[in-house]
Undergrad: 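Dropping the structure in here first, questions after.
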Number of protein chains: 4
Amino acid sequence: MASLIEKIRKDQIVNTAISAIAANGYVNTPLSEIARRAGISKGVISYYFGSKDDLVRNVIDRILQDEKAYLSEKIARGENPKEKLLVYIRSSFSYMETNRQNFEAIVDLWGSITTHEKKLDFNKRSYDPCRNILGKIIREGIEKGEFADRDVRLTASIIQAMIDGMMIQWIFDASAIDLEKASLAVEESVRCYLFKKS
Amino acid sequence: MASLIEKIRKDQIVNTAISAIAANGYVNTPLSEIARRAGISKGVISYYFGSKDDLVRNVIDRILQDEKAYLSEKIARGENPKEKLLVYIRSSFSYMETNRQNFEAIVDLWGSITTHEKKLDFNKRSYDPCRNILGKIIREGIEKGEFADRDVRLTASIIQAMIDGMMIQWIFDASAIDLEKASLAVEESVRCYLFKKS
Amino acid sequence: MASLIEKIRKDQIVNTAISAIAANGYVNTPLSEIARRAGISKGVISYYFGSKDDLVRNVIDRILQDEKAYLSEKIARGENPKEKLLVYIRSSFSYMETNRQNFEAIVDLWGSITTHEKKLDFNKRSYDPCRNILGKIIREGIEKGEFADRDVRLTASIIQAMIDGMMIQWIFDASAIDLEKASLAVEESVRCYLFKKS
Amino acid sequence: MASLIEKIRKDQIVNTAISAIAANGYVNTPLSEIARRAGISKGVISYYFGSKDDLVRNVIDRILQDEKAYLSEKIARGENPKEKLLVYIRSSFSYMETNRQNFEAIVDLWGSITTHEKKLDFNKRSYDPCRNILGKIIREGIEKGEFADRDVRLTASIIQAMIDGMMIQWIFDASAIDLEKASLAVEESVRCYLFKKS
DNA sequence: AATGAATGAGCTTTCATTCAT
DNA sequence: AATGAATGAAAGCTCATTCAT
């Protein structure tokens, strides 16, 4: 990412791509549509991204990094594992609420990850970081005696699963899921599954 | 569904489509590839399904109905809400194990559900039936005093979320998730979240 | 080449491609132009040839095979090496006269043979067969004592070089070369270089 | 050609273009590639040459003029028509040997000469000068009684044809032609075709 | 004199769909 | 009931050319 203008253009294109994909789906979003929405010519996209695949990779990375940054910043304020874990859950849901587009896009883009190799790569960029954050909190909680002694990775997986699973239901029908209540339910579930009675 | 031969052909095409989509992704699966794999001509697919969209709808329905039938049959054997719920969870995971292809296809096909309208339709065909099954079990459990008095729909959502969330992680990296352990963890989580201490 | 219709279509497309390339050059002949001239849709070309490269390969092969067939048929009538060799030369020039398009196309297509590998392949399909025909005649002539004892391959190369070299000058300016005189001159040159005085 | 810097820049670009075209072919050599190889920006090429066509014209001229200068300088040393002619042949082959790139480029660029008009222009810049040089030598030889009394233009054409024809075979497969032997064979052929027995 | 971001026309290629057989 | 040749719209991508800096 050499020049400033390059960074700005790439950002602009990635953001426009997210909106377009969220609105119409990856399959129905040709580069020309992204260009049209961004008010630029088709060529610019190829100029900066080389291929549609590369653009999509950038879109996915952007979405995931943004969320990770948001969550990291939030949990950093938590004073102990219990609080951090609850903050992670709450923040995940509040981030959804204000960034629906991103999740519409990402669920859609799962369909663009076609090969086994790409899936593993996506996994490494997507789930592993989340599970690692959760894993660290859980491990710390267990060590400090705040949490029950459970399998760290598995517990991270299941907590993430609850969040993602709710997200998906919400994506397919926003009216079916009240994110606030969902957050509370997940918190409660985690509390009784993981927290030691104090 | 007029004749027998029609039913057989449609079944054959739908099954082949599932394999092809699971293997290469919806985006990379032209009708010609499905025809090739099925050993028939392209024309037949259009003849029976009218459009690729229609075929995809049939594929999705088939996958969801198969799973629903499997789960319904299993939970029917459960003698009480607790058992039924545990059976639902276990069966969901065991069904995953033996039908990976179906889940690879369905996650991929999410990307082909592009409009708001289609999403709602998919939701109605996919999540509502599952949540209804779960809802019934939960309601019964609460009424019989086996379960804590929780919001039925929300609880159904969260249980389904755990299952779906684990499924997704497993789809993107099978080696990251041990389905058997995952099933046990979900069961345990549900036990402590919903079951009354006996 | 399965069906009859396939053969006809491929022939039609290849022939049209030769005309188009001869007229406008490979660089300025998009598939759409070939389709337009043939009165078919662009898709058909891809349908039968897969790629433009494949079409070009077929064009080259067609041109070379046609010429080789023509020459082979002609020299078969020659009764002895001397006569065969003179027939080869005369026929090469008379074939040029009536098939200018083919030579315009082939000279143009040299520019589409870009890699070292493709060049060697072209060489094998183009020059080797000609040099082999000539080589056989020359070898026979030497053995029978009609020809001077010269290096067979080199002599074949030099005779082919005269023919090709004249062809190129003729392609770039038809009015600069009188093919009939050119043929006689090449014959005369070969006579004094190779034939034993009788 | 106004300033010195302009001349240097144009030379640099033309030389780089020759290398690039020889390596990858005209079709696969965008201006950006030439710019990259020359370590300059794309804009400069347009700045100095106006269009790609113009650059190509310059490339062709450069190649032909270089060769012509080389040959002219060599034959100037010849003391009589016979010697001059042999020097022309030998020098043509030795020039090939040390400038393969140029010939790879020129054969490739034939495909970029698409219109009848361009072909005539190329002819005038390429073959006519060579045939003129040869023609002058031959005419002088005939007048001085060293050569047989043959058609001057035709004889020039045939000698040039031998050289060019060998060159082409050598371009498509360097291992098929030994330039030194080729040169000797052409000399020998010319000797018996044109030289009077002394 | 030089850059390189931006353009957009034009290319090859893919593929759902149609339809004569 | 089935075929597969044919269509043509639409896609991704390339690249000569322009132009503000």
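Keep in mind it's a predicted model, so treat the numbers as computed, not measured. Chain identifiers are assigned alphabetically (A, B, ...) following the order of the sequence lines, protein sequences preceding nucleic acid strands; residue numbering begins at 1 within each chain.
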Undergrad: Rounded to whole Å, how long is the line connecting atom CD of C:Glu33 with atom C1' of E:dG10?
TA: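 So the CD-C1' distance, C:Glu33 to E:dG10, works out to 14 Å.
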Undergrad: Could you state the atom-to-atom distance from CD1 of C:Ile45 to P of F:dA5 in whole Å?
TA: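 To the nearest whole Å, that distance equals 16 Å.
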Undergrad: If you assign A:Gly39 and C:Thr29 each to the DNA chain E nucleotide with the nearest heavy atom, which residue ends up on the more 5' nucleotide?
TA: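 With A:Gly39 and C:Thr29 compared, the 5'-side residue is A:Gly39.
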Undergrad: Return the value, rounded to whole Å, for the distance between atom CZ of D:Phe49 and atom P of E:dA1.
TA: 14 Å
Undergrad: Atom NZ of C:Lys10 to atom P of F:dG4: distance rounded to whole Å?
TA: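 One finds 16 Å between P of F:dG4 and NZ of C:Lys10, rounded.
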Undergrad: Report yes if a side-chain nitrogen or oxygen of C:Lys52 is closer than 4.0 Å to either non-bridging phosphate oxygen (OP1 or OP2) of E:dT12; otherwise report no.
TA: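 The answer is yes; a side-chain N or O of C:Lys52 sits under 4.0 Å from OP1 or OP2.
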Undergrad: When you get a sec, tell me which of E:dG4, E:dA6, F:dA6 is the closest nucleotide to the side chain of D:Ser41?
TA: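 Minimum distance to the D:Ser41 side chain belongs to E:dG4.
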Undergrad: Does NZ or CZ of A:Lys124 fall inside the cone over B:Phe172's six-membered ring, less than 6.0 Å from its centre and within 45° of the axis?
TA: no
Undergrad: Expressed as a whole number of angstroms, how long is the span from A:Lys7:NZ to E:dG4:P?
TA: 20 Å
Undergrad: Between C:Ile34, C:Ile13, C:Leu31, which is the residue that forms a side chain to side chain contact (heavy atoms under 4.5 Å, CB included) with C:Val44?
TA: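 The residue from C:Ile34, C:Ile13, C:Leu31 that satisfies side chain to side chain contact (heavy atoms under 4.5 Å, CB included) with C:Val44 turns out to be C:Ile13.
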Undergrad: Both A:Gly43 and B:Val44 contact DNA chain F. Taking the nearest nucleotide for each, which residue is further toward the 5' end?
TA: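 Its nucleotide being nearer the 5' end, the pick is B:Val44.
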Undergrad: Look at the side-chain N and O atoms of D:Tyr47 and state whether any lies under 4.0 Å from the OP1 or OP2 oxygen of F:dC19.
TA: no
Undergrad: Which nucleotide in the set E:dT17, F:dT7, E:dA2 lies at the smallest distance from any side-chain heavy atom of B:Ser51?
TA: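 For the B:Ser51 side chain, the nearest candidate turns out to be E:dT17.
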Undergrad: Could you tell me the separation between the CZ atom of B:Arg36 and the P atom of F:dT3, rounded to a whole number of Å?
TA: 15 Å
Undergrad: Assess whether a salt bridge exists between C:Asp121 and C:Lys118, defined as any Lys/Arg side-chain N lying under 4.0 Å from an Asp/Glu carboxylate O.
TA: no
Undergrad: Answer with yes or no whether D:Lys42 presents, from its side chain, a donor or acceptor under 3.5 Å of a partner atom in the base of E:dT3.
TA: no
Undergrad: For D:Pro30 and A:Asp53, take the nucleotide of DNA chain F holding the closest heavy atom to each; which residue's nucleotide lies nearer the 5' end?
TA: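 The residue mapped nearer the 5' terminus is A:Asp53.
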Undergrad: Can you check the A:Leu31 CG to E:dA6 P distance for me, whole Å?
TA: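 Answer to the nearest Å: 16 Å.
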Undergrad: Return yes if a side-chain donor-acceptor contact under 3.5 Å exists between B:Thr29 and B:Asn24, otherwise no.
TA: no
Undergrad: What is the base-pairing partner of F:dT21, counting Watson-Crick and G-U wobble geometry with both distances under 3.5 Å?
TA: E:dA2
Undergrad: Without hydrogens or angle criteria, can the side chains of B:Arg62 and B:Asn15 be said to hold a donor-acceptor pair below 3.5 Å?
TA: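 Their side chains do contain a donor-acceptor pair, which is all the 3.5 Å distance test asks for.
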Undergrad: NA contact type, D:Tyr48, heavy-atom cut-off 4.0 Å: base, sugar-phosphate, or nothing?
TA: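 Sugar-phosphate contact only - D:Tyr48 comes under 4.0 Å of backbone atoms but never of a base.
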Undergrad: Provide, to the nearest angstrom, the distance between the CG atom belonging to B:Asn28 and the C1' atom belonging to E:dT13.
TA: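 Result: 14 Å.
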Undergrad: Any strand is fair game: report the nucleotide pairing with F:dA11 by Watson-Crick or G-U wobble, both distances under 3.5 Å, or none.
TA: E:dT12
Undergrad: C:Ile5 has a side chain; which of E:dA16, F:dA6, E:dA2 sits nearest to it?
TA: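 The answer is F:dA6.
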